[in-house]
Protein chains: 2
Amino acid sequence: MSAKEEKYETLKLGNQLCFPLYACSKEIIRKYKPYLDEIDLTYTQYITMMVLWEQKSLNVKTLGEKLYLDSGTLTPVLKKLESKGYITRERSNEDERNLLVTITEEGEQLRERALSIPPAMGSCVKLSPEESELLYNLLYKIIGNVR
Amino acid sequence: MSAKEEKYETLKLGNQLCFPLYACSKEIIRKYKPYLDEIDLTYTQYITMMVLWEQKSLNVKTLGEKLYLDSGTLTPVLKKLESKGYITRERSNEDERNLLVTITEEGEQLRERALSIPPAMGSCVKLSPEESELLYNLLYKIIGNVR
DNA sequence: CAAGAATAAATTTTATACTATTTAATTATA
DNA sequence: TATAATTAAATAGTATAAAATTTATTCTTG
């Protein structure tokens with residue numbers, strides 16, 4: 001390898017860790033689309049509903065901390081979910097700065113229809129349980145380091 | 001654990017592999033921002049330049065295959081890079097359907113200024129070389145499986 | 001060699017995302 | 001307690017992304 005090639009080695013796309021992360025994330029979300037289309041959710045709406053299926057009611061800030069998203073992204077997502085009838089949005093009585101997001105009965109029912117999605121996606125990704133766990137731990141390690 | 005909790009276990013955010021992938025990708029790109037701001041590039045513009053630093057000239061389709069992006073995303077990115085003087089865009093003589101993207105002298109010079117970015121980012125991610133390689137391989141394995 | 005098929009970009013539409021700013025409400029403090 | 005500081009959402013502006021459609025060009029094949 002020439003001296004010049006050596007010098008710029010670290011700037012090659014194939015030597016980045018960020019690029020496969022970015023590409024992999026996008027490709028998986030793309031792969032979700034046909035399944036999510038069946039329940040008329042986008043990926044962002046889906047992970048938002050996931051939080052609400054576990055915790056029936058919370059404010060935008062707490063939701064954003066769980067999803068690593070801020071109100072600039074969440075406000076339009078939540079308005080959309082409200083228009084679909086899956087959530088309600090109302091200011092908290094104790095502190096009116098907080099907008100309380102609460103799942104509706106229809107939102108609860110959607111959970112049933114979403115049950116088929118994780119196994120379908122798992123069969124696309126095709127990692128062994130050991131590989132999945134390894135990847136999971138490495139990703140959360142980076143998230144912890146970066147933040 | 002109750003039967004109901006058991007049933008919905010797979011729909012919990014903490015049990016997804018896609019979510020940490022998505023979150024990790026975004027957090028890393030966010031971490032790039034201050035470094036990329038110094039050379040006035042966005043992340044998408046940066047990975048585009050990376051390809052062009054390696055291969056001086058190619059058409060939009062080939063570029064898109066390398067970056068997993070289509071012309072809908074690349075066209076505005078390339079117009080921006082052109083306006084900054086880092087690339088030229090011209091139709092190929094052999095086949096006028098192809099738009100040939102070519103790096104300029106200024107684009108080449110930018111490579112020098114970008115040299116400091118990979119080591120700065122590496123120190124943020126804080127994975128050992130072994131962990132990095134493991135992660136790299138798992139990510140490309142998924143990309144290969146999904147596509 | 002002309003009509004149709006295929007290909008490459010660009011454009012359109014919808015939905016994210018991030019940063020910075022603004023607005024409204026609450027808390028802290030001088 | 002009036003004012004400043006802080007906090008939570010919403011908004012504005014810029015930049016991605018994906019899918020679908022359109023346009024222009026080239027290839028295929030009858």
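These numbers come from a predicted model, not from an experiment. Here is how names work: the chains are called A, B, and so on, in the same order as the sequence lines, proteins then strands, and each is numbered from 1.
- More than 12 heavy atoms of other shown residues, nucleotides or ligands fall within 6.0 angstrom of atom CD in A:E106.
- Side-chain contact between B:V101 and B:L74: absent, with no pair of heavy atoms (C-beta onward) separated by less than 4.5 Å.
- Atom CG of A:L63 and atom C1' of D:dA10 are 15 Å apart (whole Å).
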### Task
Given salt bridge (Lys or Arg N to Asp or Glu O under 4.0 Å), test B:E54 with B:R111 step by step and report yes or no.
CA-CA 10 Å; B:E54 284 190 70; B:R111 197 182 197 180; over 6 Å; no
### Query
With the sugar-phosphate defined as primed atoms, P, OP1 and OP2, and the base as all remaining atoms, what B/S/- string results for nucleotides 16-28 of chain D, 5' to 3', for protein heavy atoms under 4.0 Å?
SBBB-----BS--
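- Using a 4.0 Å cut-off, no side-chain N or O of A:N59 falls inside it from OP1 or OP2 of D:dA8.
- Checked for salt-bridge contact, A:E65 and A:K61 meet the test: a charged N lies under 4.0 Å from a carboxylate O.
- Counting to the nearest Å, the P atom of D:dA15 and the CG atom of B:L41 are 12 Å from each other.
- Distance A:D40 CG to C:dT14 P: 14 Å, rounded to the nearest Å.
- Atom P of nucleotide D:dA10 and atom CD of A:E90 are separated by 13 Å, given to the nearest angstrom.
- Side-chain polar atoms of B:N59 and B:T62 form a donor-acceptor pair below 3.5 angstrom.
- In this entry the distance linking CZ of B:F19 with C1' of C:dA17 reads 14 Å, nearest Å.
- In this structure, CZ of B:R91 is placed 7 Å from C1' of C:dA8, rounded to the nearest angstrom.
- Note: CD1 (B:I28) to P (C:dC18) measures 13 Å, nearest angstrom.
- The environment of B:E112 atom CD is dense: over 12 non-hydrogen atoms of other residues, nucleotides or ligands sit within 6.0 angstrom.
- Rounded to an integer number of Å, the gap from CG of A:D37 to C1' of C:dT14 is 12 Å.
- In terms of phosphate contacts, B:N98 brings a side-chain nitrogen or oxygen within less than 4.0 Å of OP1 or OP2 of C:dA9.
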